[in-house]
Amino acid sequence: MLDTAAANASKTKSKNRFDESVKKFCLYLFLIGGRMLYETLYANLKNVIPSITTLHRSITNSNIQEGELRFADLRRFLDSRGLPSVVWISEDATKITGKIGYSSHNNLVVGFVIPQHNGLPRENYFEATSARRIQQIFVEGERAQYGYAIMAQCPIDKTPSFCLNIFGTNNKFTHNDVIQRWEQMKVSARRYNIELLGFSSDGDTRLLKAMRLTTKLSNQVTEKWKWFHMPLDTGNICTQDTVHIGTKLKTRLINQKVTLALGNFIASSDHLKTLIETVSKDKHLLTLGDLNSQDKMNFRSVEKIIAPKVSELLKKSVPNSEGTVAYLKILRSVLDAFLRKDLSPVRRLQLIWYAVFFLRIWRSWVRNSESYTVTENFITLNAYLCIEMNAHALIKIIRKFREEKLDTDFATWLFSSQPCEQIFRATRSLTSTYSTIVNFSLMEMLNRINKIETIVSIMSDLRDTFVFPREGSSRMGTAHNSIGIVFPCDEEIESVCMTALQEAINDCKLLGIYNDRDNDDTQNLWEQIMIFDGSIDSQPYKLQDPDALDYHCVDLNLSEEFSYEPATNDVLRQFVDQQDDSETSEDQEQDDDHSDSLINFQDLNFADVPVEEPIHERSPYVKIKCQNGQIKTIRKKTLCWFLDDNVKRLSSDRLLRVRADQNYNSRSPRTESTSETHPLKPVLESYYAVYYSESWYIGRVITQSEDKCYKIKFLQSQLNTFIWPKDDDVQTVDQQYIFFGPIKMIGTNNMTISEENRNAIKRKYKSIKKMYK
């Protein structure tokens, strides 16, 4: 940058020239810092950095469409960086606000759940061809609650990942949908000569079941190894994210309701608390916050807990902590086997299979115990299956690299779903200066992907020239790969795993899990190290059209398995009712100018946009007709904004945002009173909705004045918020008119309620009003 400034010092502003690396670095600053920051830098660093206009010419805006597999873009991505045509696929979902948007590039309404074919969204399903079609979409469509991302990662260290697909979902897909999607992705990838090396997820039960089906992981043993329960072919390799496994095992350890009995000892977080209280912090670096049961996805706390010095201090300073030490050894072995970069394939095998054999023996001991059960006194079945899946996958990966000599790195830390987590974190962080908005809609997510890919590419291309402090992440591996890769043969694999088995047996003996007499009973030994006794009943569905030339479905008829709930907008209900009650007149059918106009709208306060070009199906403009007969031309984006009245608000707190809805399948909260014969019994100092003939109001119950009557202090409604009025509004209300609650109020001054509660109150109020009429 100094050389650039010196070279441009004697030139005029229009003749400044900048090195390509400088332009890329400045583009990175512009994208992560925002326009205001870069304008400040540009004003004070004349001739040093390029103008914003120059940067805009460097941005390539690729059109990303919801649900489209971007294998053509992936092919160009790999070729431009000289990367091999081998990628690892990962999938994950994140919460979104549910706001509906309009994409002018594709002429699509974005934000609703698109029906799927072969596990993938149908192409151009919610196309905004007319005002009537847009209104119909809002009537029929189900709002997406999650943004689902499919990422492709070339297994070469320090290479950027690529966003292969993004679409909205209601999280109601099945394992069969997953299997169909994977098979269709393989078909599409072969058209571009791209090999899908494997698939990863974060422990989702449906993806885990799909993995068990496709890899045939079951209680059947192979002819080659009794302890291996998966076909040895190198196809269909699947793994579970190691970071998520670590957080799940930590959560199980600190759960006070669970007793993890290991023979004569107990694994408990109480031992870690004792260590924190008795040994100074500089020795172990732990805090009580690392044992917070609510922060389940804090991987940094997992790294601190499994540190070898913590286990050493437990042995020395905390009596009877052998069970906790053994549990931490399992956790450390599972993580190191995939995340550490300085380990050989042999060492990785020994670590992961030690954990597997230990868990099998421990699980068998718990199942045979009269005092304990696997459900209450062992790790969760999900975590156990994930570890089994990774252990089997590691052997298959080693054999594939050994036999096919792939032109990629043996980067086990990349065989995870962390690329999805990275794209989610980047999307939440990609806001302007002074912005605190961390949540986004599906439309905003699609718009930010191109910028995120540009940022990631710049960091990858300029890694040797500029320093990016936040680029490194322990979630994608630690230390450096300094050991030459030598892949063991099958005999060496068996020898290493038997060594791990013996180590697991010795540790189980010390804990009292495994008895000496079992050494003489070979059959009993193999029964203890056998995988869980379970089988998978259902079989995967076959592709409906595996030889199709296109991965999207052409037939746009709705499948029976997709059902839609009508929107709550009164205008839309009026539209549906009128469509059902009457047919369109012949005069309206013959009116070519307004055949696709909306009907029965109020006199909308929209500015009439003058448009010179004709309005066609793909035009960003549309004509609407109001009740007074006036015709207005408005943007389709504006019409979507008007019809969208049920946006879900997400908390900015990560601990609250990642929680799943407890009442997902229900149309109303559990607090709703569903029977008129059993009125609510209000609790003092709680908030309730009260029925009045003109509307409903929310207030706090102060006292119970007399039998079945309560004094309530009412809030004042201002748009979507509630405030306390200047003069207290206290009234005595009969219990029968208190129809909903208690209600959780969000905030302190300008309080709000959740959209779920608001909609439930509206429905309840309407039903009561009809009853009183």
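Note: hydrogens, waters and symmetry copies are ignored here, and every other heavy atom, side chains too, is used. Counting begins at 1 with the first residue of the sequence.
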*Asks:* Using a 6.0 Å distance limit plus a 45 degree cone around the ring axis, check whether R348 lies over the aromatic ring of F338.
*Replies:*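 Cation-pi check for R348 and F338: fails.
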*Asks:* With F167, which residues qualify under ring pair (Phe, Tyr, Trp, His ring centres under 6.0 Å), at least two apart?
*Replies:*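 Partners of F167 by the ring pair (Phe, Tyr, Trp, His ring centres under 6.0 Å) criterion, ordered by chain and then number, come out as Y148.
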*Asks:* Which of parallel (below 30°), tilted (30 to 60°) and perpendicular (above 60°) describes Y327 and W362?
*Replies:*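 Ring orientation, 0 to 90° scale: perpendicular.
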*Asks:* Working to the nearest 0.5 Å, report the span between CD of Q350 and CG of D336.
*Replies:*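 Reported value, rounded in 0.5 Å steps: 12.0 Å.
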*Asks:* How far does OG1 of T247 sit from CE of M297, to the nearest 0.5 angstrom?
*Replies:*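 So the gap between those two atoms works out to 4.0 Å.
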*Asks:* Is E492 salt-bridged to R402, cutoff N-O under 4.0 Å?
*Replies:*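 Not counted as a salt bridge, because no side-chain N and carboxylate O are separated by less than 4.0 Å.
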*Asks:* Apply the test side-chain contact (heavy atoms from CB on, under 4.5 Å) to residues F378 and V258: give CA-CA distance (whole Å), side-chain angles for both, the deciding distance (0.1 Å), then the verdict.
*Replies:* CA-CA 8 Å; F378 190 66; V258 176; over 6 Å; no
*Asks:* Please report the shortest heavy-atom distance between R81 and S457, naming the atom on each side.
*Replies:*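 Result for this residue pair: NH2-OG, 2.7 Å.
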*Asks:* Would the distance check show the side chain of N255 and the main-chain N or O of T251 forming a donor-acceptor pair, the cut-off being under 3.5 Å?
*Replies:*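 Answer holds: no.
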*Asks:* In terms of side-chain geometry, is the basic nitrogen of K341 or D157 positioned less than 4.0 Å from the acidic oxygen of its partner?
*Replies:*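 Looking at K341 and D157, the cut-off is met.
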*Asks:* Hey, does the side chain of D177 reach the backbone of T174 with a donor-acceptor pair shorter than 3.5 angstrom?
*Replies:*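 Such a contact is found between D177 side chain and T174 backbone.
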*Asks:* Looking only at atom types and distance, does a side-chain atom of Q502 sit under 3.5 Å from a main-chain N or O of T499, one as donor and one as acceptor?
*Replies:*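 Pair absent, no side-chain N/O of Q502 close to backbone of T499.
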*Asks:* For the residue pair C154 and L83, establish whether any side-chain heavy-atom pair is separated by less than 4.5 Å.
*Replies:*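 Yes, their side chains come closer than 4.5 Å.
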*Asks:* Looking at E312 and K309, does any basic side-chain N land under 4.0 Å from a carboxylate oxygen?
*Replies:*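 Not counted as a salt bridge, because no side-chain N and carboxylate O are separated by less than 4.0 Å.
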*Asks:* Judged by atom type as modelled, is there a donor-acceptor pair below 3.5 Å linking the side chain of N377 to the main-chain atoms of T259?
*Replies:*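 Yes, N377 side chain to T259 backbone: donor-acceptor pair under 3.5 Å.
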*Asks:* Tell me if the centroids of the rings in H392 and W227 come within less than 6.0 Å of each other.
*Replies:*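 Ring-ring flag for H392/W227: false, centres at least 6.0 Å apart.
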*Asks:* Can you measure from CG (L249) to CD1 (I305) and round to the nearest 0.5 angstrom?
*Replies:*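 If I round to the nearest 0.5 Å, the distance is 11.0 Å.
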*Asks:* F410 versus I397: any side-chain heavy-atom pair under 4.5 Å?
*Replies:*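 With C-beta onward as the side chain, the pair touches.
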*Asks:* For L349 and P488, which heavy atoms make the closest approach, and how far apart are they?
*Replies:*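 So the two residues come closest at CD1-CG, 4.2 Å.
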*Asks:* What residue among L359, I352, V356 forms side-chain contact (heavy atoms from CB on, under 4.5 Å) with E388?
*Replies:*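 That would be V356.
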*Asks:* Tell me whether the rings of W182 and F199 are parallel (<30°), tilted (30 to 60°) or perpendicular (>60°).
*Replies:*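 It falls in the parallel class, under 30°.
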*Asks:* Between S85 and L78, which heavy-atom pair has the shortest distance, and what is it?
*Replies:*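 The answer is CA-CD1, 4.1 Å.
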*Asks:* Does E91 form a side-chain hydrogen bond (donor to acceptor under 3.5 Å, both in side chains) with S200? I'd like the steps, not just the answer.
*Replies:* CA-CA 7 Å; E91 301 184 16; S200 292; over 6 Å; no
*Asks:* Out of curiosity, K95 NZ to R428 CZ, how far, rounded to the nearest 0.5 Å?
*Replies:*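 Between atom NZ of K95 and atom CZ of R428 there are 10.5 Å.
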*Asks:* Counting C-beta onward and ignoring hydrogens, is there a side-chain heavy-atom pair between L208 and N382 closer than 4.5 Å?
*Replies:*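 Contact flag for L208/N382 side chains = yes.
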*Asks:* From Q180 CD over to M185 CE, what is the distance, rounded to the nearest 0.5 angstrom?
*Replies:*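 If we round to the nearest 0.5 Å, Q180:CD and M185:CE are 13.5 Å apart.
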*Asks:* Is it true that E195 and R190 make a salt bridge, defined as a side-chain N closer than 4.0 Å to a carboxylate O?
*Replies:*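 R190 and E195: not salt-bridged.
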*Asks:* So L120 and N118, do their side chains get closer than 4.5 Å, heavy atoms only?
*Replies:*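 No, side chains not in contact.
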*Asks:* Supply the atom-to-atom distance T427 OG1 to Q422 CD, rounded to the nearest 0.5 angstrom.
*Replies:*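 Rounded to the nearest 0.5 Å, the OG1-CD separation comes to 11.0 Å.
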*Asks:* Go through S188 and R191 one step at a time and tell me if the side-chain contact (heavy atoms from CB on, under 4.5 Å) criterion holds.
*Replies:* CA-CA 5 Å; S188 301; R191 303 195 197 111; 3.6 Å; yes
*Asks:* Output all residues satisfying side-chain hydrogen bond (donor to acceptor under 3.5 Å, both in side chains) with Y354, sequence neighbours left out; order by chain, then residue number.
*Replies:*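 So Y354 forms a side-chain hydrogen bond (donor to acceptor under 3.5 Å, both in side chains) with D507.
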*Asks:* Does the side-chain contact (heavy atoms from CB on, under 4.5 Å) test come out yes or no for H229 and L217, once each step is laid out?
*Replies:* CA-CA 6 Å; H229 305 277; L217 176 63; 4.3 Å; yes
*Asks:* Which is it for E183 and T214 under the side-chain hydrogen bond (donor to acceptor under 3.5 Å, both in side chains) test, yes or no, and what are the steps along the way?
*Replies:* CA-CA 10 Å; E183 293 300 322; T214 55; over 6 Å; no
*Asks:* Please confirm whether the backbone N or O of R206 pairs with a side-chain atom of D204, one donor and one acceptor, at under 3.5 Å?
*Replies:*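 Pair found, side chain donor or acceptor close to backbone of R206.
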*Asks:* Given side chains that start at C-beta, do those of L74 and I194 come closer than 4.5 Å, heavy atoms only?
*Replies:*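 Yes - at least one pair of side-chain heavy atoms lies under 4.5 Å apart.
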*Asks:* Do you know the tightest heavy-atom contact between G323 and L262?
*Replies:*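 Of all heavy-atom pairs spanning G323 and L262, the closest is O-CD1, 4.1 Å.
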*Asks:* Before giving the answer on side-chain contact (heavy atoms from CB on, under 4.5 Å), spell out for W225 and E494 the whole-Å C-alpha distance, their side-chain angles and the decisive distance to 0.1 Å.
*Replies:* CA-CA 8 Å; W225 298 318; E494 182 176 10; 3.4 Å; yes
*Asks:* Checking S321 side chain against L314 main chain: does a donor-acceptor pair fall under 3.5 Å?
*Replies:*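 Looks like yes, one N/O pair under 3.5 Å.
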*Asks:* Ignoring hydrogens and angles, tell me if any N or O in the side chain of T324 forms a donor-acceptor pair with the backbone of S268 under 3.5 Å.
*Replies:*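 Side chain of T324 to backbone of S268, a donor-acceptor pair under 3.5 Å: yes, one is there.
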*Asks:* Between G147 and F424, which heavy-atom pair has the shortest distance, and what is it?
*Replies:*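 Shortest heavy-atom separation between G147 and F424 comes out as O-CZ, 4.1 Å.
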*Asks:* Would you check if the side chain of S90 reaches a backbone N or O of S417 as a donor-acceptor pair within less than 3.5 Å?
*Replies:*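 Not at all, since once roles are kept as given, no pair shorter than 3.5 Å links the two residues.
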*Asks:* Check whether any side-chain N or O of Q240 sits under 3.5 Å from a backbone N or O of G203 as a donor-acceptor pair, and report yes or no.
*Replies:*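 Here the side-chain-to-backbone pair exists.
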*Asks:* In this structure, which one of T412, I245, V334 forms a side-chain contact (heavy atoms from CB on, under 4.5 Å) with N390?
*Replies:*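 Of all the options given, the one that passes is I245.
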*Asks:* Just so I know, are the side chains of I150 and R181 near enough to count as touching, which here means a heavy-atom distance under 4.5 Å?
*Replies:*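 Answer yes - side chains close enough.
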*Asks:* Side chains of N264 and L511, heavy atoms from C-beta outward: is any pair under 4.5 Å?
*Replies:*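 With C-beta onward as the side chain, the pair stays apart.
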*Asks:* Between Q153 and S416, is any side-chain donor less than 3.5 angstrom from a side-chain acceptor?
*Replies:*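 No, because no side-chain N or O of Q153 sits under 3.5 Å from a partner of the opposite role on S416.
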*Asks:* Test your reading of the model: is there a side-chain donor-acceptor pair from S369 to the backbone of W365, 3.5 Å cut-off?
*Replies:*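 Pair absent, no side-chain N/O of S369 close to backbone of W365.
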*Asks:* Is the F71 ring parallel, tilted or perpendicular to the Y192 ring (thresholds 30°, 60°)?
*Replies:*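 Correct class here is parallel.
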*Asks:* Under 4.5 Å between any side-chain heavy atoms of R399 and I493, yes or no?
*Replies:*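 Touching, per the 4.5 Å side-chain cut-off.
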*Asks:* Verify the neighbour count for atom CD of E376: are there more than 12 heavy atoms of other residues, nucleotides or ligands below 6.0 Å?
*Replies:*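 At most 12 heavy atoms, drawn from other residues, nucleotides or ligands, come within 6.0 Å of this atom.
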*Asks:* Is it true that, when you exclude N506 itself, more than 12 heavy atoms of the residues, nucleotides or ligands shown sit nearer than 6.0 Å to its CG?
*Replies:*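 Result for CG/N506: enclosed.
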*Asks:* Of the non-hydrogen atoms in I254 and S293, which two are nearest, and what is the gap between them?
*Replies:*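 In terms of heavy atoms, the two residues are closest at CD1-CA, 3.6 Å.
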